[in-house]
Amino acid sequence: MPTAAAPIISSVQKLVLYETRARYFLVGSNHAETKYRVLKIDRTEPKDLVIIDDRHVYTQQEVRELLGRLDLGNRTKMGQKGSAGLFRAVSAFGVVGFVRFLEGYYIVLITKRRKMADIGGHAIYKIEDTNMIYIPNDSVRVTHPDEARYLRIFQNVDLSSNFYFSYSYDLSHSLQYNLTVLRMPLEMLKSETTQTRQESFDIFEDEGLITQGGSELLIYGRPVYVTLIARRSSKFAGTRFLKRGANCEGDVANEVETEQILCDASVMSFTAGSYSSYVQVRGSVPLYWSQDISTMMPKPPITLDQADPFAHVAALHFDQMLQRFGSPIIILNLVKEREKRKHERILSEELVAAVTYLNQFLPPEHTIIYIPWDMAKYTKSKLCNVLDRLNVIAESVVKKTGFFVNRPDSYCSILRPDEKWNELGGCVIPTGRLQTGVLRTNCVDCLDRTNTAQFMVGKCALAYQLYSLGLIDKPNLQFDTDAVRLFEELYEDHGDTLSLQYGGSQLVHRVKTYRKIAPWTQHSKDIMQTLSRYYSNAFSDADRQDSINLFLGVFHPTEGKPHLWELPTDFYLHHKNTMRLLPTRRSYTHWWTPEVIKHLPLPYDEVICAANLKKLIVKKFHKYEEEIDIHNEFFRPYELSSFDDTFCLAMTSSARDFMPKTVGIDPSPFTVRKPDETGKSVLGNKSNREEAVLQRKTAASAPPPPSEEAVSSSSEDDSGTDREEEGSVSQRSTPVKMTDTGDSAKVTENVVQPMKEVYGINLSDGLSEEDFSIYSRFVQLGQSQHKQDRSSQQLCSRCPDGVIKLTPISAFSQDNIYEVQPPRVDRKSTEIFQAHIQASQGIMQPLGKEDLSMYREYIRNRYL
């Protein structure tokens with residue numbers, strides 16, 4: 001047994017579905033294809049799902065023999081070779097789940113995936129394509145006339161857009177929760193939570209998760225990964241005008257938990273590496289309110305559907321937040337406060353009354369903090385800077401909640417602490433810091449204004465995260481740096497995805513809009529996005545809402561009951577108190593859960609207690625088994641890897657995509673640059689991305705050279721089975737500049753740069769004698785590197801005077817690549833290498849007197 005807990009890597013990562021008349025055989029294997037599992041699915045039951053798992057681990061040879069016997073036994077005639085009894089139906093990478101409408105069950109398989117992020121060596125994949133297969137055989141199928149319509153409604157939810165999964169990392173919880181579980185002492189894990197190895201067939205199943213993938217921040221060659229994850233709630237989910245406020249259980253519409261993860265990619269280990277995260281939440285105002293869209297108005301009037309003088313629904317919602325995030329809960333309300341016609345102000349007044357009522361019963365140190373700020377009013381003012389005000393709010397919020405980091409404060413931070421660092425909140429523990437509490441941001445739609453506010457808070461938290469990892473000297477980041485531009489692009493993609501899912505269009509107002517640096521063409525695009533959002537809300541939201549209700553299991557098709565499209569409203573589906581009497585209501589004064597309030601400011605979900613231990617599934621493994629060997633899972637030494645297909649080289653990088661390409665400019669991602677200096681345009685990056693896609697398509701449509709036709713055709717044939725690394729090709733392709741002939745002179749003048757600025761020297765100048773001598777020696781060395789026969793060696797034994805005789809460091813017995821005699825390594829170098837290996841495993845060598853005196857001398861000379 002290992003001395004500490006470790007995340008379990010799924011033993012089923014590749015699937016093949018085989019078909020016979022009576023059964024489906026789902027054969028799963030690990031990535032190395034050394035262990036196999038078999039799941040048998042019965043096809044003779046018309047409406048029931050019968051699954052058999054033999055719980056036996058097969059080898060590759062055993063699986064081949066088993067499939068051969070099944071093929072032979074299911075043929076129509078014994079020994080007949082013409083008709084096969086076992087058919088290979090489809091290959092897959094995971095099982096989303098099983099679903100049934102009015103006939104039999106379907107199985108939903110992930111047939112294509114693409115790697116999008118990496119967290120501590122744990123790969124995060126995006127679902128690229130799925131396949132839905134009907135299980136019962138045609139001979140036993142009982143047809144229903146409405147089955148096809150339910151199937152179309154279900155498939156309106158596109159699983160290939162913004163659904164993600166991982167074989168080894170728990171995406172449904174935050175990094176703080178996952179690492180807290182890993183740090184839990186093994187003695188505290190009770191025996192009833194322990195399971196034996198390979199007890200069940202691992203099936204991936206997750207709902208409501210979106211992410212924006214990872215980007216690389218290169219700091220003088222040191223890679224730092226920035227990952228943005230959004231967890232969208234599957235409760236009270238729906239579209240913009242059809243789901244507002246909260247339901248009777250305190251679940252709010254459009255609730256999204258956003259987490260930004262920062263990790264030092266130079267050390268790939270949760271125990272020895274450096275990781276940091278910050279979590280914030282967005283969600284609708286937790287009240288009973290709605291908007292009537294039958295009037296066909298751009299802004300339908302807001303109505304309060306139910307009087308709630310004791311803030312019952314708000315109490316349920318904030319009790320959930322205290323349990324998940326701890327205290328303090330900070331509300332940033334961005335709705336309008338001054339209006340000619342009372343519209344958004346209705347929500348502000350009710351929310352203030354609810355928070356005031358709930359706070360009078362909470363302990364003073366755990367009260368809900370309410371920050372109202374009319375963002376729209378400040379935007380219209382020419383004298384006020386919206387982002388400066390948001391930056392002040394962000395600083396105060398991060399200081400109250402703190403952030404998570406898995407390493408203690410560095411010695412230099414203790415020696416000369418920053419003023420902001422001493423005021424930082426959260427919980428300080430021996431192994432690092434914990435985030436306690438969360439910021440909850442809302443406007444009316446929780447889209448445009450909310451996304452900009454969350455970006456500013458995330459930018460402030462990112463500065464503290466970089467400072468805690470020792471990457472910057474002060475917890476402060478400025479605009480127009482490569483790091484902030486990369487982070488802004490992540491948040492804009494994040495906001496566009498949420499806006500498309502909830503509102504039907506991309507973001508209307510972006511960070512550049514509030515900075516007032518957006519180009520004039522952006523205004524026309526904002527109008528088009530507004531029209532697209534209005535059209536979607538008026539004509540397509542009802543169908544999308546039906547698809548969401550069916551996909552999430554809110555509505556279950558039943559024989560003899562009204563169909564989904566026959567319901568006048570789905571109100572009773574999301575409000576359970578309309579269908580049955582609820583148990584005794586909570587106290588109007590003690591509205592919280594007693595166990596939650598005892599452990600504040602820590603979140604109750606992360607406290608080590610009996611209730612939380614029952615939620616864990618613990619399995620026993622030997623420390624060398626592949627189910628917990630993340631090194632083997634990440635590097636995969638059993639397969640041939642190509643650098644072009646490596647994810648770390650294909651992901652968005654600050655050095656490649658944002659840093660200027662000219663020589664002589666500071667490569668630091670924290671240097672403020674002018675708009676014309678950056679590698680990617682500051683203005684309208686979304687339009688540039690769309691234009692680049694168009695340019696790549698135009699370049700791809702041109703016929704390839706004759707020598708490359710065979711290569712391109714063969715690569716296209718193989719790309720259909722596995723799209724893990726397809727994004728790398730498109731990201732690294734070079735766009736073609738499309739310009740008019742009249743402006744060719746101007747384009748050349750702007751694009752072509754002086755030769756000395758690009759290369760550092762002017763190549764048109766003649767070489768000096770010293771440079772020419774060095775070049776001549778280099779050419780002669782290159783000519784003499786090939787193997788020559790003895791006669792030619794004797795002729796060449798007399799070397800010219802200008803050639804330097806080099807003493808080889810390595811001794812090669814033969815001039816080939818198969819037999820090499822490496823140089824000997826001295827003892828000191830071996831000790832340094834062993835110390836480096838131990839440091840990567842978390843075993844640090846004690847500092848000697850020389851090291852301490854050298855460090856003190858360095859500090860004294862530089863800072864004192």
With a cut-off of 6.0 Å (strictly less than), are more than 12 heavy atoms of other residues, nucleotides or ligands near NZ of K399? yes
Hey, are E488 and K512 close enough for a salt bridge, meaning a charged N less than 4.0 Å from a carboxylate O? yes
When you check the gap from the basic side-chain N to the acidic O, do D570 and K243 get nearer than 4.0 Å? yes
Over 60° means perpendicular and under 30° means parallel, so tell me whether Y357 and F361 are parallel, tilted or perpendicular. perpendicular
If you count every heavy atom of other residues, nucleotides or ligands that lies below 6.0 Å from E339 atom CD, does the total exceed 12? yes
Residue pair L334, L332: steps toward the side-chain contact (heavy atoms from CB on, under 4.5 Å) verdict: CA-CA 6 Å; L334 302 175; L332 178 57; 3.8 Å; yes
Any salt bridge linking K420 with E395? Criterion: basic side-chain nitrogen under 4.0 Å from a carboxylate oxygen. yes
Can you tell me if CD on E419 sees more than 12 non-hydrogen neighbours from other groups inside 6.0 Å? no
If you measure from the Lys or Arg side-chain nitrogens to the Asp or Glu carboxylate oxygens, is any gap between K377 and E337 under 4.0 Å? no
Hey, are E606 and Q176 close enough side-chain-wise for a donor-acceptor pair under 3.5 Å? yes
Has K459 got its NZ or CZ under 6.0 Å from the middle of the six-membered ring of Y491, at an angle within 45 degrees of the ring axis? no
Over 60° means perpendicular and under 30° means parallel, so classify the ring planes of F571 and H575, tilted if in between. parallel
When you measure from the side chain of D657 to the backbone of T652, do you find a donor-acceptor pair of N or O atoms at a distance under 3.5 Å? no
When the ring planes of F236 and H574 are compared, do they come out parallel, tilted or perpendicular, using 30° and 60° as the limits? perpendicular
In terms of side-chain geometry, is the basic nitrogen of E349 or K342 positioned less than 4.0 Å from the acidic oxygen of its partner? yes
Aromatic plane relationship, F551 with F163 - under 30° parallel, 30 to 60° tilted, over 60° perpendicular: perpendicular
Using a strict 4.0 Å threshold on nitrogen-to-oxygen distance, state whether R282 and D445 make a salt bridge. no
N359-T367 side chain donor-acceptor pair, cut-off 3.5 Å: no
Would you confirm whether the ring centroid of F318 sits within less than 6.0 angstrom of the ring centroid of W591? no
